[in-house]
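Below: the structure, in structure tokens.
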There are 2 protein chains.
Amino acid sequence: MKWKKTRPRGPGRRAASGEESRRRLIAAARAEFAQQGYRGTTIRTIAERADVTAAMVHYHFGSKHGLYLAVIRDTLEPVIATLQAGVQGEAQLADVIRSYMQLLQRTPELPLLIMRDVLADDGAMRESFIRDFAANAGRQIRALLEREAASGELREDIEPRFAAVSLLGMAVFPFLARPIAERVLNIDYDNDSLAALIDHTLRLFNEGARP
Amino acid sequence: MKWKKTRPRGPGRRAASGEESRRRLIAAARAEFAQQGYRGTTIRTIAERADVTAAMVHYHFGSKHGLYLAVIRDTLEPVIATLQAGVQGEAQLADVIRSYMQLLQRTPELPLLIMRDVLADDGAMRESFIRDFAANAGRQIRALLEREAASGELREDIEPRFAAVSLLGMAVFPFLARPIAERVLNIDYDNDSLAALIDHTLRLFNEGARP
DNA sequence: TTATTAATTAATCAGATGTTTAATTCGCCT
DNA sequence: AGGCGAATTAAACATCTGATTAATTAATAA
């Protein structure tokens, strides 16, 4: 005798199309990968969070690594779009930095995801990350700085490559080190505080800290 | 029949005192943890690198986590010493940043180790890290900045907390993002280039980038 | 309606991982 | 010399992990 009514949930296709499970898996994996790292995350944890079974990971993405790639692509899209829009639209450097930092605030797992990728010297993953994203973003930032330098808005004794890395550091580090910055340096991350931090960053870059 | 001569290596105490194995395990673990992360590193890998067996990890450190704690303490000691010497010796802010960045160059795995720790939200580990190190370092930096502010060497409209996080970002980020900075921004990390980067960082902080 | 295909679960597998235990060797103290 | 304790290894254990397979259900095409 079959208990169709009382069985909590068995195998078989669900009403919602498969695209729904796919999306939920990516969202769950993004959170877990950012918090626990790739190796620290099990597909069972991800599946439970997405309310499906572990086998769905392999059905939709082929492997844990395939899911990871999907997460990276999905998460990096808006960043690339932001930077490209900045350069192509001939925006000011200040505007690009501002929208970049705001994006980081809205996507707190982004720097964690990127950093775990950058730090690991596993190889394959990092190479593709640099090719598909970092090279692009780096070029955009350098292009912006060189444009400003060419129009005489930067000091001549400042090396644009160094300026780029310093600017990136000031923009990204507060989000990377957020748990420490919050508790040790008493930095807040609400909208108002973030606006103040952005203003501070741009002012410091432009005018320095000495009176 | 026992093959005392030909048996490659069996159990039993070795000539070198146990302190030697302990040191080698810490060194091996530091490299592996920095490269592969805590979860991505197996005690068998560490043991092989240190030329002992996995059981030695538990004999000397109780557990993998205990070894991790020992690595963190061992690696962080010189950083804390550097920062404390800076404050107690009433050094200039510039000197402290300079020696801090030089320390980061000499210990490339340090920022990876710290960041992996900061990023993970496992809990226990991060709390002790903040208590034992970050709180200390953060206070030192803030103390330095507030001393400079008090003696009128900082602009009054610059918030010392923000200045601290920006300065840390400029100092640490180049080492954190080193694989990307090298390949995407063409930054070098030899002694001369690093000296130039340090000068640039301090000049940018002091005087800004606008003409 | 019926056959086919897409989506899903439960069960299972082989390999890896942190840890424990028992046995073994060496240095040192009496 | 003898014995105790420190240091070390090999082997075994239980658990966890990514992946596979077979069965099952729902949507869809014929």
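Just the heavy atoms: all of them, side chains too, but no hydrogens, waters or symmetry mates, feed the values below. Letters A, B, ... are given to chains in the order of the sequence lines, protein chains preceding strands, and every chain is numbered from 1.
Each of B:Thr45 and A:Arg22 lies near DNA chain C, and the nucleotide nearest A:Arg22 is the one positioned closer to the 5' end.
In this structure, CZ in B:Arg30 is found 10.0 Å from CD1 in B:Ile72, a value given to the nearest 0.5 Å.
For B:Leu67 and C:dT19, the CG to C1' distance is 14 Å, given to the nearest whole Å. Taking atom CD of A:Glu48 as the reference point, atom C1' of C:dT8 lies 17 Å away to the nearest angstrom. As rounded to whole Å, 17 Å separates atom C1' of C:dT17 from atom NE2 of B:His65. With rounding to whole Å, A:Lys64 atom NZ is found 15 Å from C:dA16 atom P. Atom CD in B:Gln36 sits roughly 15 Å away from atom C1' in C:dT17 (whole-Å rounding). In this structure, A:Arg23 atom CZ and C:dA7 atom P are separated by 13 Å, rounded to whole Å. Note: CZ (B:Arg44) to P (D:dA11) measures 13 Å, nearest angstrom. One atom, OH of B:Tyr68, and another, C1' of C:dG18, lie 17 Å apart when rounded to the nearest Å.
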Scan the side chains in residues 165-177 of chain B for donor-acceptor partners under 3.5 Å anywhere in the protein, sequence neighbours excluded, and list what turns up.
from: B:Ser166; atom 1: OG; to: A:His200; atom 2: NE2; distance (Å): 2.7
from: B:Ser166; atom 1: OG; to: B:Phe162; atom 2: O; distance (Å): 3.2

Can you give me every donor-acceptor pair (side chain of residues 10-18 of chain B, partner residue at least two apart or in another chain, under 3.5 Å) with its distance?
from: B:Arg14; atom 1: NH2; to: B:Gly10; atom 2: O; distance (Å): 2.5
from: B:Arg14; atom 1: NH2; to: B:Gly12; atom 2: O; distance (Å): 3.4
from: B:Ser17; atom 1: OG; to: B:Glu19; atom 2: N; distance (Å): 3.2

For residues 52-62 of chain A, dump all side-chain donor-acceptor pairs below 3.5 Å to protein atoms at least two apart in sequence or in another chain.
none

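Qualifying ring pair (Phe, Tyr, Trp, His ring centres under 6.0 Å) partners for A:Phe33, counting only residues two or more places apart in sequence or in other chains: A:Tyr38, A:Tyr68. Applying the side chain to side chain donor-acceptor pair (under 3.5 Å) criterion to B:Asp74, with sequence neighbours excluded, gives no partner residue.
Applying the salt bridge (charged side-chain N to carboxylate O under 4.0 Å, His left out) rule to pairs touching residues 185-200 of chain A yields A:Arg98-A:Asp199, sequence neighbours excluded. Under the salt bridge (charged side-chain N to carboxylate O under 4.0 Å, His left out) criterion, no residue pair touches residues 162-173 of chain A, with sequence neighbours excluded.
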Using nucleotides 26-29 of chain D, report all nitrogen or oxygen pairs with the protein that are shorter than 3.5 Å.
from: D:dA26; atom 1: O4'; to: A:Arg13; atom 2: O; distance (Å): 3.2

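Taking a 4.0 Å limit (strictly below) on heavy-atom distances, residues 49-60 of chain B reaches DNA chain D at B:Val52, B:Thr53, B:Ala55, B:Met56, B:Tyr59, B:His60.
At the phosphate of D:dT8, OP1 or OP2 sits under 4.0 Å from a side-chain N or O atom of B:Ser21.
Heavy-atom minimum distance, A:Ala47 versus A:Leu25: CA-CD2, 4.3 Å.
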